[in-house]
2 protein chains.
Amino acid sequence: MAGQVQRQTGVALWRQIADRIRQAISAGAYDETGMVPPEMTLAVQFGVNRHTVRSALAALAQEGIVRAVQGRGTLIERKERLNFPISKRTRFNSGIGEQARETRGLLLDHGEEQANDEVARWLKLAPGTKVIRLETVRKADGRPVSSATSWFPAARFAGMPDAYETTESITRAFAELGLSDYIRATTEITAAHAEAADLSALELTPGAIVLITKAMNTDLDGVPVQYSVTRFAADRVQFTIEN
Amino acid sequence: MAGQVQRQTGVALWRQIADRIRQAISAGAYDETGMVPPEMTLAVQFGVNRHTVRSALAALAQEGIVRAVQGRGTLIERKERLNFPISKRTRFNSGIGEQARETRGLLLDHGEEQANDEVARWLKLAPGTKVIRLETVRKADGRPVSSATSWFPAARFAGMPDAYETTESITRAFAELGLSDYIRATTEITAAHAEAADLSALELTPGAIVLITKAMNTDLDGVPVQYSVTRFAADRVQFTIEN
DNA sequence: AATAATTTGTACGTATGTATC
DNA sequence: GGATACATACGTACAAATTAT
């Protein structure tokens, strides 16, 4: 874990250090012992006071990533980074597969509305066409992984909200509505700092990073059936593209 | 640009606001006027004092993204987000294509070394096999877009450093060394906060986000020819996967 | 079993940065 | 610009829990 922390930059040292330790845990740097190095060791390593390291570890403890035990050390509680394959057959549930014991898809909100320019362009509809909007959060083993807003052509998928709520899966909801198969046509990936809405939806701490995908699915004839903007907790996932 | 800023989180308000304005510029939110809204408007929007907005704009001016003119307002100087397609035929230069007037690839450092476990696994070599390492920075219109560390099997591509330095392109360097075509086999994408090395290499400010790809290219027979870890300035690029 | 060493937890004081008014 | 309040970071000291000798 090379590289020093930066002073007087608007980002507190304890937060920079927390981010670095979280990353190191995720990368398996402390797998041998299952614990973080002692506070004094980290303090020397980062060139800061022990209290600054303590602030960083307190933040990680708050996230449930580590647990400090007096006299023993700071144990690593959770260390996950789900791999999310992106391909023609991209599906959330089968993609996560055996990486989590349990996956859930929760419907937070839904509605029927008129497609704005962005949605219309992706779904290849005329602006103003009626679309169904779904707000969902997907969890793996109880931890939120992503929150998504999806749009579907209303004429074809009016029953989407009900179908999703009962099946907790886009794939199965499509099947219920008569679409047995679909294809991931395009995926756009960007990254940004978490916004207020992300913090609660994904149980993040401020300053965290979200990976944002904008994706379009089509049926087997190439007709768009879904456009989604999905926000992932960046320290819990990685994407893999296999060609 | 919805969502309030977060207080007492280890990230200064002025930095959060700078990040949000940078993002908004990148997304084209102020394209109509070519300027950022007045400081008081932004102050009300974010729910902070005008001085705090001024700190944020000063940081953006330092980056060369905006320029404040007394009596007129704060003009937008630069606004780019390069699209980077990822496919079987992923190549940096043709991928950027007409999005930039000029692209360059600079060789910072190189060497011959023994493959560590990670490199060996991706290149499907025995650990310890000799490999060529290249440290490069790629620029579009003078702005650094990505910094990469690449490894090549030394037995096959010993001339890589020289070939890259003269051609400034992996594709053309491969061609010089007798490999006329290659395929992007796998790409892994994650995101993290910029480290000290990123700040200088990519001309970033602390707290910025980097998108990290780990990618493997093969020849037409499926034999690995290159493994690269590339770090992109997240607010200057987006990835697109077309299936 | 007793003691020392290690490691986290708590407390107080000081200086500087951040943000408001 | 100046005054005020709070957050951040450092320094030091000692207490409490666990592990090593």
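Below, chain A is the first sequence line, B the second, and so on; all start at residue 1.
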Distances for protein N/O vs nucleotides 9-11 of chain D N/O pairs under 3.5 angstrom?
residue: D/dA9; atom: OP1; partner: A/L13; partner atom: N; Å: 2.3
residue: D/dA9; atom: OP2; partner: A/L13; partner atom: N; Å: 3.3
residue: D/dA9; atom: OP2; partner: A/W14; partner atom: N; Å: 3.3
residue: D/dC10; atom: OP1; partner: A/R7; partner atom: NH1; Å: 3.1
residue: D/dC10; atom: OP1; partner: A/R7; partner atom: NH2; Å: 3.1
residue: D/dC10; atom: OP2; partner: A/N49; partner atom: N; Å: 3.0
residue: D/dC10; atom: OP2; partner: A/T52; partner atom: OG1; Å: 2.1
residue: D/dG11; atom: O6; partner: A/H51; partner atom: NE2; Å: 3.3

Taking only residues two or more places apart in sequence, or in another chain, which ones meet [X] in a side chain to side chain donor-acceptor pair (under 3.5 Å)?
| X | value |
| --- | --- |
| A/K214 | A/E118 |
| B/E165 | none |
| A/R121 | none |

Check your understanding: Does any pair with a residue in residues 109-130 of chain B pass ring-ring contact (aromatic ring centres under 6.0 Å, His included), and if so which ones, sequence neighbours excluded?
Key ->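 Listed by first then second residue: B/W122-B/Y227.
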Measure the distance from [atom1] on [X] to [atom2] on [N] and round it to the nearest whole Å.
| X | N | atom1 | atom2 | result |
| --- | --- | --- | --- | --- |
| B/L57 | C/dA19 | CG | P | 14 Å |
| B/L42 | C/dA19 | CG | P | 15 Å |
| B/F46 | C/dA19 | CZ | C1' | 16 Å |
| A/L60 | C/dT8 | CG | C1' | 15 Å |
| A/E39 | C/dT10 | CD | C1' | 12 Å |
| B/M40 | C/dT20 | CE | P | 11 Å |

Review point. Is the CZ atom of B/R54 crowded by more than 12 outside heavy atoms at less than 6.0 Å?
Key: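 For B/R54, atom CZ is not crowded (no more than 12 foreign heavy atoms under 6.0 Å).
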Practice item. State whether the number of non-hydrogen atoms from other residues, nucleotides or ligands found under 6.0 Å of A/R67 atom CZ is greater than 12. Key: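 Not more than 12 within 6.0 Å, no.
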[X]: what forms a side chain to side chain contact (heavy atoms under 4.5 Å, CB included) with it, not counting sequence neighbours?
| X | answer |
| --- | --- |
| A/D117 | A/P127 |
| B/R231 | B/S147, B/E195, B/D198, B/V210, B/I212 |
| A/D31 | A/K79 |
| A/E168 | A/R104, A/L106 |

Please list each protein N or O that sits under 3.5 Å from an N or O in nucleotides 18-21 of chain D, with the distance.
residue: D/dT19; atom: OP1; partner: A/R72; partner atom: NE; Å: 3.3

Point to revise | Listed partners of A/R50 passing salt bridge (Lys or Arg N to Asp or Glu O under 4.0 Å), at least two apart | key: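 Partners of A/R50 under the salt bridge (Lys or Arg N to Asp or Glu O under 4.0 Å) test: A/E39.
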Review point. When we call it a touch if two heavy atoms are under 4.0 Å apart, what does B/S55 touch: a base, just sugar-phosphate, or nothing?
Key: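 Here B/S55 touches no strand at all.
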Check your understanding: When you look for runs of 3 or more Watson-Crick or G-U pairs in a row, both distances below 3.5 Å, which of them include DNA chain D?
Key ->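 DNA chain D forms these stems: C:2-21 with D:2-21.
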